[in-house]
Engineer: 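Would you mind keeping the following structure in view while I ask a few things?
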Protein chains: 2
Amino acid sequence: MLSKKAQYAFRALTHLAENYNKGPVLISEMAKKKRIPLKFLENILLELKKEDILESKKGRGGGYYLKEHPSKTYIATVIRIVDGPISLLPCVSLYFYQRCKNCNEKQCGLHDMMKDVRDATLKILERRTLKDLV
Amino acid sequence: MLSKKAQYAFRALTHLAENYNKGPVLISEMAKKKRIPLKFLENILLELKKEDILESKKGRGGGYYLKEHPSKTYIATVIRIVDGPISLLPCVSLYFYQRCKNCNEKQCGLHDMMKDVRDATLKILERRTLKDLV
DNA sequence: TAAAACCCTACTCATTTGGTAGGGTTTTAT
DNA sequence: ATAAAACCCTACCAAATGAGTAGGGTTTTA
């Protein structure tokens, strides 16, 4: 399951995608419109900025905006930033791989199956972008 | 991510699948062979029994065994019993559906996307069975 | 009839989730 | 130049979940 944090992130990003190239958007505006706790949203946006999804402008007339065109930011990227691994097992994760003890990957049936699930999932999440959310 | 509980469940079920029709298997045997905390495993097996995946026999010579042929028990079923929902959002879950507030399902882009992910995932997990794990 | 095996309740400890509170620091339009 | 607007940072907290432990029943059946 995606965390609430991730759901908030997508709600905010959708809003930013809708306002792409219309100048920075205030946190407070997004928080209010999308009913997201303001301080919580602040954290999320900071993280997305640190990870190069967003940019921000300070001062009066400032706010957050997408770094690139919505069609350039993949859903999978956002999930990985906010929630971490997408795979169902650490031992099949591409970005958060961890060896699993007590199971030989070469001959573990579950491993193979979860790899298939991962591939099917990524086929969707690594192709679709913020543009598909608006 | 699958919980450790689910991973343990699959390890135990794999063992039971390998010993299908060879009589009941002791909890203690599975715990030892698969390195699963015994009491924790006990809970898992009880749950799987209550949900009609397993049957058990008490007394000397007793133990647990699969209720049906390994090819009859779907991976998705086991995950739902042990971990709950497979979907990434409650509002696209088939067995654990929950309406999401603040988002209209008809026009929520995330909803549609996660539905596609769900379908792709279930296409695998609802076809494969314990037999595929051995 | 007692050893073997299943069943049940309750507790615990660590981590994660979903936030709050509050106070900076920087910017920039006026 | 300055104050209002906006971003940034640290710390805390409560509830839920995950991952078990402990310990004592109860039921079978060889």
Side-chain angles (χ1 to χ4, degrees), chain A residues 1-12 16 19 23-32 34-51 53-65 67 79 81-85 88-90 96 98 100-102, chain B residues 1-12 16 19 23-32 34-51 53-65 67 79 81-85 88-90 96 98 100-102:
Chain A
M1 283 274 182
L2 295 181
S3 66
K4 286 201 106 182
K5 194 174 167 191
Q7 295 179 53
Y8 288 151
F10 282 117
R11 292 235 293 279
L16 292 176
N19 290 279
V25 180
L26 303 183
I27 297 187
S28 53
E29 185 194 322
M30 281 188 273
K32 203 174 172 194
K34 301 289 184 176
R35 290 208 204 81
I36 305 172
L38 189 136
K39 289 298 228 168
F40 197 37
L41 177 58
E42 218 181 303
N43 281 319
I44 296 168
L45 296 178
L46 278 173
E47 209 170 347
L48 291 172
K49 185 192 162 171
K50 199 169 52 196
E51 299 291 334
I53 305 296
L54 300 180
E55 286 191 334
S56 64
K57 186 165 177 267
K58 289 185 187 177
R60 176 176 285 177
Y64 277 100
Y65 52 97
K67 187 170 188 184
I79 294 180
I81 290 171
V82 178
D83 272 2
L88 290 178
L89 288 179
F96 300 87
Q98 276 185 296
C100 49
K101 31 191 170 304
N102 309 333
Chain B
M1 280 275 181
L2 294 182
S3 66
K4 287 202 106 183
K5 195 175 166 191
Q7 295 179 53
Y8 288 152
F10 281 117
R11 292 236 291 280
L16 291 177
N19 290 280
V25 179
L26 302 183
I27 297 187
S28 53
E29 184 195 322
M30 281 188 272
K32 202 174 172 195
K34 301 288 183 176
R35 291 210 204 78
I36 305 172
L38 190 136
K39 288 298 227 167
F40 197 35
L41 178 57
E42 218 181 304
N43 281 319
I44 297 167
L45 296 178
L46 278 173
E47 209 169 348
L48 291 172
K49 186 192 161 172
K50 198 168 53 197
E51 299 291 334
I53 304 296
L54 301 179
E55 286 190 334
S56 64
K57 186 166 177 267
K58 290 184 185 177
R60 177 176 285 175
Y64 277 100
Y65 52 98
K67 187 170 187 182
I79 294 180
I81 290 171
V82 178
D83 272 1
L88 289 178
L89 289 179
F96 300 86
Q98 275 185 296
C100 49
K101 30 190 169 303
N102 308 336

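Labels below follow one simple rule: chain letters A, B, ... track the order of the sequence lines, proteins then strands, and each chain is numbered from 1. None of these values were measured; they are calculated from a predicted model.
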Engineer: Which residues pass the salt bridge (Lys or Arg N to Asp or Glu O under 4.0 Å) test with B/Glu55, not counting sequence neighbours?
Structural biologist: none
Engineer: With A/Lys4, which residues qualify under side-chain hydrogen bond (donor to acceptor under 3.5 Å, both in side chains), at least two apart?
Structural biologist: none
Engineer: So what does the secondary structure string of DNA chain D come out as, 5' to 3', with Watson-Crick or wobble pairs under 3.5 angstrom, [ ] for crossing and | for pairs with another strand?
Structural biologist: ||||||||||||||||||||||||||||||
Engineer: Among A/Ile44, A/Leu45, A/Ile36, which residue satisfies the side-chain contact (heavy atoms from CB on, under 4.5 Å) criterion with A/Ile27?
Structural biologist: A/Leu45
Engineer: Which parts of nucleotides 3-22 of chain D does protein reach within less than 4.0 Å, heavy atoms only, written one letter per nucleotide 5' to 3' as B for base, S for sugar-phosphate only and - for none?
Structural biologist: ---SSBB---------SBS-
Engineer: Given A/Met30, which partner from the list A/Leu16, A/Asn19, A/Leu38 fulfils the side-chain contact (heavy atoms from CB on, under 4.5 Å) test?
Structural biologist: A/Leu16
Engineer: Output all residues satisfying side-chain hydrogen bond (donor to acceptor under 3.5 Å, both in side chains) with B/Glu51, sequence neighbours left out; order by chain, then residue number.
Structural biologist: none
Engineer: Taking all heavy atoms of A/Gln7 and all of A/Leu2, pick out the closest pair and write down the distance.
Structural biologist: NE2-O, 3.6 Å
Engineer: Name all residues meeting the side-chain hydrogen bond (donor to acceptor under 3.5 Å, both in side chains) criterion together with A/Lys67; count only those two or more places apart in sequence or in a different chain, and write none if there are none.
Structural biologist: A/Asp52
